[in-house]
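Please read these numbers as outputs of a predicted model, since none were measured by experiment. The sequence lines fix the lettering, A, B, ..., with proteins before strands; numbering per chain opens at 1.
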Protein chains: 2
Amino acid sequence: MDETKPAKVTPARATISDVARHAGVSIGTVSRVLNKARNVKPALQRRVLDAAAALDYRPDSFAQGMRSKKTHVIGVIVPDLRNPLSSEAAAGVEEELTQQGYSFFLANSRYERGREENILNEFARRRVDGIIAILAHDQDPRTVEQLRRLPMPVVLLEREIGAEFDAVRTDQVQGTYRATRYLAALGHRRIALITVPTDNMSGRYRLQGYTEALADVGVAANPDLIHMAGYTRDYAVNAAYSVLSMRNKPTALIVSGGMLPGVLDAMRQLNLSIPDELSLVVLGDTELAALTRPGITAIRYDWAQTGRVAARLTISRIGGSETPPERVIVPYEFILRESCQELVGAV
Amino acid sequence: MDETKPAKVTPARATISDVARHAGVSIGTVSRVLNKARNVKPALQRRVLDAAAALDYRPDSFAQGMRSKKTHVIGVIVPDLRNPLSSEAAAGVEEELTQQGYSFFLANSRYERGREENILNEFARRRVDGIIAILAHDQDPRTVEQLRRLPMPVVLLEREIGAEFDAVRTDQVQGTYRATRYLAALGHRRIALITVPTDNMSGRYRLQGYTEALADVGVAANPDLIHMAGYTRDYAVNAAYSVLSMRNKPTALIVSGGMLPGVLDAMRQLNLSIPDELSLVVLGDTELAALTRPGITAIRYDWAQTGRVAARLTISRIGGSETPPERVIVPYEFILRESCQELVGAV
DNA sequence: ATCTATATTTGAAACGTTTTCCCATGCGAA
DNA sequence: TTCGCATGGGAAAACGTTTCAAATATAGAT
């Protein structure tokens, strides 16, 4: 048992012909047994199964893919692996996919269109059976065109492009509307909004919900209070810093989950306390929002659920479902915590 | 422009023979041009390249994989997609891999050995070029045996199995040692530890660093203060709840990053304040630790960096590197925040 | 028993590459 | 001028499956 060489001994995987030889049948028969085709005598079936087990046979996925054009692989694109939206959605997708015997490629676009394009090309080259995408820019005509040309089904997550693709998303309009109305009901009128750009659905719908809610309480949206021009943490810090240093600064702030860390960071620098000096609502609940003190009132979106739904939808499309493109909207949940205060002696 | 049918038109991808025909050469020549193998006359080279571009030719990865046995895919196993260790490491791996032209399968074991086994089998079947694994149980002999049999290189992340596999990890022993000594220096003697089980390296090394540090200050480790029997958030809540409700309860607590949410949750239920009633140090820095108030002193580990290093190492192994198995240890960083207090009038 | 219809099994083609083996061409040296 | 050798290009094999047509075995009916 003297292992001097750590070099791997590759035991040469058994192929289907090894199994056929071992069982004394043709490779065609082996294939049919393994693919559960009918019309194989029980006796032979046993022989084949035994042989396969004895040789520890596992079909080569490349040969399978080459022949049958099915890979049982799905490509998943997310814009930012570190963002809870991405990791939660990926977790949901994973749960559903592995349960159904699929594997997945995970790719990170980092919000760059060029990467997105390359990733889609790579997915096509690798012949994934389907694609689930959280796009960075769902309005870019080049991206849209590229998606159209793809030969496999595409399901959009938290994004929407007209009505021609399946899309699963949370209800950002209503969620943001609710957040805004909630703050308005507490007497706030100067409500700031810090979130992602309108390049993608999340930004657009949040802006819509925010604007509608303000309109409904008779307030005109003030552009100075709206910061939607970046994706990074640094951007969030700067946006928060600048909006919270205004002379006539807002009494309340709505921020998206991914930017909450940056905003809290800025607030700490400015030494602003919640909720006395600023009421805060976060769009998208996270551990941070739940566990920081005071707890931050949140609009909770179940991204893992959107991931699961998207995975199921993708698989049904792969299975040949030809119904018109679906739009699934997952509802939000209002989580009341301690970050908002009634504004006394308001404007 | 009336698009009534949203049905996908599959434009039938160009194959290498299409390119060959279009350029008026043999498929062998096309292959040689595209793979930059041997010499091809510049004129022909141009013709082939032009043809390939004109037909938008992209080689079928299955046919390539089948023939060349190289897939340019790496399998990554993580134990919990939602844990920062997993997502940070995955992000680091991703950065390095895509830069080098690799794709990766991401799989989630959920700390279950059965899943782990299936995932490894699936990776082998899909002939990934290499595997990067954060195992749930790095001491299980079946898992170890399975890894040994794998025909492709395996790099362990945050885990260690003897000296026979490449391993990249953070310095958990020293990190935990430092955390413990820090608390001891503040006068604490009853220091609790809540972290993952010793089934894997993280648990073992943390326990080691903790025990050594206590020994060095002349304190015997008290089993009642050590909770290392679970992975879930619920487990963390219960462990914290029980250890913090003891009659003679600890004055300080060391908790691993993944369990911090559960612990903070329990502390909230018990209405314990930091640092007055309990000093807290977290092993593994997170946004939550940084931004909750008071900020929680942390031992920071750069998991993304371990991911990048592991990816580089894997690729070099794939490239045929035959040097003895490497062990890379990424150092920790001590982040001082406000969660610890000097113990006055200590025991 | 014989024939026909059906059930089972076999053998081979096909999938799209890479790669090996061979042949043709052209050039320099003898 | 001829031979040898390097160089560039073509044809075909091989990779491990699935699938399809053809062949054979089985069973039922006469």
- Query: Are OP1 or OP2 of dT18(C) and a side-chain N or O of S68(B) less than 4.0 angstrom apart?
  - Reply: no
- For Q64(A) and dG16(D), is the shortest distance between a side-chain N/O and OP1 or OP2 below 4.0 Å? no
- Test: D50(B) and R47(B) ion pair at under 4.0 Å: no
- For side-chain hydrogen bond (donor to acceptor under 3.5 Å, both in side chains), just list the numbers for R125(A) and Q64(B), CA-CA rounded to whole Å, side-chain angles, deciding distance to a tenth of an Å, and then say yes or no. CA-CA 11 Å; R125(A) 204 179 78 80; Q64(B) 285 185 316; 2.9 Å; yes
- Query: T15(A) has a side chain; which of dG16(D), dG9(D), dG16(C) sits nearest to it?
  - Reply: dG16(D)
- Item | Angle by which the axis turns from one end of the helix from dA1(C)-dT30(D) to dA30(C)-dT1(D) to the other, five pairs per end, to 10 degrees | 50°
Report each atom pair, protein N/O against N/O of nucleotides 10-12 of chain D, whose distance is under 3.5 angstrom.
unit_1, atom_1, unit_2, atom_2, d
dG10(D), OP2, S26(B), N, 3.2
dG10(D), OP2, S26(B), OG, 3.2
dG10(D), OP2, T29(B), OG1, 2.5
dG10(D), N7, R32(B), NH2, 3.2
dG10(D), O6, R32(B), NH1, 3.2

- Check ion pair D80(A)-R82(A) (N to O, under 4.0 angstrom): no
For nucleotides 22-28 of chain D, list the nitrogen or oxygen atoms of the protein found under 3.5 Å from its nitrogen or oxygen atoms, one pair per line.
none

- Query: Using a distance-only test with no angle check, is there a side-chain donor-acceptor pair under 3.5 angstrom linking R317(A) and T323(A)?
  - Reply: yes
- CG-CD1 distance between D129(A) and I74(A), expressed to the nearest 0.5 angstrom: 6.5 Å
- Message: For the CD1 atom of I119(B) and the OG1 atom of T98(A), what is their distance to the nearest 0.5 Å?
- Response: 7.5 Å
- Do R67(B) and dT17(C) share a donor-acceptor pair, side chain to base, under 3.5 Å? no
- Take the angle between the ring planes of F62(A) and F62(B) and call it parallel below 30°, perpendicular above 60°, tilted in between. tilted
- Note on the structure: Separation of dT10(C) atom P from R21(A) atom CZ, nearest Å, is 14 Å
- Got a salt bridge between R113(A) and E116(A), using NZ or NE/NH1/NH2 to carboxylate O under 4.0 Å? no
- Query: Could you give the CZ-to-C1' distance, from R47(A) to dT8(C), as a whole number of Å?
  - Reply: 13 Å
- Euclidean distance, atom CD1 of residue I16(A) to atom C1' of dC15(D) [Å, nearest integer]: 14 Å
- Rounded distance (Å) that lies between atom P of dT17(D) and atom CE of M66(A): 13 Å
- Message: I need the CG-C1' distance between N35(A) and dC20(D), as an integer number of Å.
- Response: 15 Å
- Task: Round to a whole Å and report the spacing from CZ of R58(A) to P of dT17(D).
- Result: 12 Å
- Task: Calculate, to the nearest 0.5 Å, the distance between atoms OG and CD belonging to S103(A) and E122(B) respectively.
- Result: 4.0 Å
- Take atom CG of D60(B) and atom C1' of dT17(C), then tell me their distance rounded to the nearest Å. 8 Å
- Message: Let me confirm one number: the CD1-CD1 distance from I16(A) to I27(A), rounded to the nearest 0.5 Å.
- Response: 6.0 Å
- Item | Candidate nucleotides dA14(D), dT19(D), dG16(D), ranked by approach to the side chain of K69(B) - the nearest | dG16(D)
- Query: How long is the span from the CZ atom in R308(A) to the CD atom in E96(A), to the nearest 0.5 Å?
  - Reply: 7.5 Å
- Item | Separation of atom CG in L34(A) from atom P in dT18(D), rounded to whole Å | 7 Å
- Task: For S87(B) and N83(B), test the side chains for any donor-to-acceptor distance below 3.5 angstrom and give the result as yes or no.
- Result: no
